[in-house]
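Notes follow the structure.
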Amino acid sequence: MPHARSALLAALLALAACSRGADAEAKRRVLAPEPPPPARAAVDLDAPRPLLALDAGEAARRLGSFEWAGAVVATVTRQGDSAARVHFTERHQLRQLATGEFQVDAEVEDGHGSGSGAGKHVVWAGGMTYGRAEYAPWRERPTDHGRDARRFRDESFAEAGDLARLYGPALSLTPSGDVTLLGRTARRYAVSLAPEAPSAAAQPDGRAFGNGGPDADTKRHLAFLDGRVPVAASGEVLLDVETGVPLRTRISGAFALRDDPRVRVQVDLSGEVKALGGQVGAVTAPKDPLPDSRKPPGVAAALEAAGLKAKEKAGEGKAEPAEEPDAP
C-alpha cells in the first residue's frame, strides 16, 4: 500500500539540501532554540476517518505508553478456467512507550505450510535501532537513527488507515454510542459500505517507468490500485473519546476489479490496544547484538583473499558515509 508521506519526506529533504549554501542562515537555524511543539488540535469525533491513520508515535503522545496487537488476513481469488487463489496472514505486535522507545514484531504466513512464512523484528531503544529477520540474530543498525524503524512500526500500526484510503469515500463510519474499554470511554462506529458506494478513484502519484514499462507483478498491483471497486464493508471501530486514538478496529471488506470481474479481494483486518500506562512492559536493547555488517562475511573474506582489502587500507576505497540523522 503506497504511503504519500514518503514522497513528502523526499521533497522536504530536497528543499533542505538546496538551502545548505546559506551558511549564516543555516547556523542561525541550528543554534536557535527549538520552538515548543504545537498544541494538539481538538479531537473531532465527527470526522473519524483521519484518526485511523494516526502513527504510533502520535498515539503515544496522546494516550501514553501502550501495547497493541493486530492482524490482516487477505484472500485473492480469480474465477474461471484458470482459477487461482492467493492467501496470506500477517500478525503484528507493538509495544510503544511514551518516551519514544518501541518494539515491533511482524510475521507473515503465505499459506504454503510450515516454514514458508517470514518475519521481521525491530527495536528502537537508547538511540539505536536493532533489527533481525525471523530466525536470524539481532544486529545494530547505527545509520538508521530510528527512521526506517519508525516507518516499519507505522506500516503495522496504521494499516487501518491504509485500508480506509483504499476504500476512499466508499467507507462509512456511523457512530453508534459509547462503550468502556481498558477503563476509558470509547466512541463506537459501525463500519459499512456507503449507500452509493462510489469508486475509490486512483490519484496521480508521479509514476514513471522505463521504456519497457512496469514488470508483470507491478502491472497486476497497478491494475488493482487503479481499478479497485469496493463491494463490501462491515465491522466496528472504537475511538478513544479523549484522544481519538483507535482502541479497537475490526473491518471485513472486499474489492472487485473493474477490468476483470472474476477477481475478488477479501480483507479481514483487526487491531486492538491490549494494555496502557503502567501495564506496559519495558523496551530494552537486545542482549549481545551483532554489529552492523556492511559486507557479508563470505564476500569480505573473498575480497581479502584476492588482495582487494589492502587497497582499501591504502585509501583507494572509501567507506560508506553514515546517513544524516532525522529531525526528532
Side-chain angles (χ1 to χ4, degrees), residues 1-7 47-53 70-92 106 108-112 116-117 154-176 188-209 213-237 246 248-271:
M1 299 179 182
H3 293 279
R5 59 179 176 269
S6 298
R49 288 171 53 95
L51 296 172
L52 295 178
V72 178
V73 181
T75 304
V76 182
T77 55
R78 184 176 185 272
Q79 302 300 324
D81 296 337
S82 57
R85 180 179 184 272
V86 176
H87 177 82
F88 69 88
T89 301
E90 297 180 5
R91 293 187 176 87
H92 305 269
V108 180
E109 298 175 3
D110 61 9
H112 288 86
S116 63
D154 294 328
E155 286 174 354
S156 291
F157 183 71
E159 282 187 330
D162 290 333
L163 183 58
R165 281 191 289 272
L166 285 177
Y167 271 100
L171 187 69
S172 175
L173 300 176
T174 305
S176 56
R188 172 186 280 149
Y189 297 83
V191 177
S192 63
L193 204 61
E196 297 182 1
S199 298
Q203 300 298 318
D205 56 7
R207 297 171 188 166
F209 302 101
D215 58 40
D217 284 343
T218 302
K219 287 180 179 179
R220 284 191 288 268
H221 296 160
L222 295 179
F224 172 73
L225 291 174
D226 296 341
R228 67 191 185 276
V229 179
V231 294
S234 61
E236 70 170 12
V237 171
R248 179 187 293 165
T249 305
R250 300 279 191 275
I251 301 177
S252 180
F255 297 85
L257 197 59
R258 184 179 298 112
D259 296 330
D260 191 347
R262 297 172 297 173
V263 173
R264 183 179 179 91
V265 180
Q266 178 71 38
V267 180
D268 295 287
L269 178 146
S270 62

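- Residue Ala106 comes nearest to Ser156 through the heavy atom pair CB-OG, 4.3 Å, listed as atom of the first residue, atom of the second, then distance.
- Side-chain contact between Val191 and Leu173: present, with at least one pair of heavy atoms (C-beta onward) separated by less than 4.5 Å.
- Nearest heavy-atom pair, Thr249 versus Pro246, reported as atom, atom and distance to 0.1 Å: OG1-CB, 4.0 Å.
- The minimum heavy-atom distance linking Val73 with His87 is given by the pair CG1-CE1, 3.4 Å.
- In this structure a side-chain-to-backbone donor-acceptor pair under 3.5 Å is present from Arg258 to Asp226.
- With values rounded to the nearest 0.5 angstrom, Arg250 atom CZ is found 11.0 Å from Asp268 atom CG.
- A distance of 10.0 Å separates CG of Leu193 from OG of Ser234, quoted to the nearest 0.5 Å.
- Remark: Arg248 CZ to Ser270 OG distance equals 10.5 Å, nearest 0.5 Å.
- Salt bridge present: Glu236 and Arg188 bring a charged side-chain N and a carboxylate O closer than 4.0 Å.
- Arg264 CZ to Gln79 CD: the interatomic distance, rounded to the nearest 0.5 Å, is 10.0 Å.
- In terms of heavy atoms, Ala53 sits closest to Ala158 at O-CB, 4.3 Å.
- For the pair Gln266 (side chain) and Gly253 (backbone), a donor-acceptor distance under 3.5 Å is present.
- Judged by distance alone, the side chain of Arg49 and the main-chain N or O of Gly168 form a donor-acceptor pair under 3.5 Å.
- Of all non-hydrogen atoms in Phe224 and Val265, the two that sit nearest each other are CE1-CG2, 3.9 Å.
- The CG atom of Leu171 lies 6.0 Å from the CD1 atom of Ile251; values are rounded to the nearest 0.5 Å.
- Judged purely by atom type and a 3.5 angstrom limit, Arg228 uses its side chain to pair as donor or acceptor with the backbone of Leu166.
- Residues Thr89 and Arg91 have side chains in contact (heavy-atom distance under 4.5 Å, counting atoms from C-beta outward).
- What you find for Ala190 and Ser176 is that their closest heavy atoms are N-OG, 4.0 Å.
- The aromatic rings of Tyr167 and Phe255 sit tilted relative to each other, their planes meeting at an angle between 30° and 60°.
- Val72 is listed as a side-chain neighbour of Val267, based on a closest heavy-atom distance under 4.5 Å.
- Taken from CG in Leu269 to CD in Glu90, the straight-line distance is 9.0 Å, to the nearest 0.5 Å.
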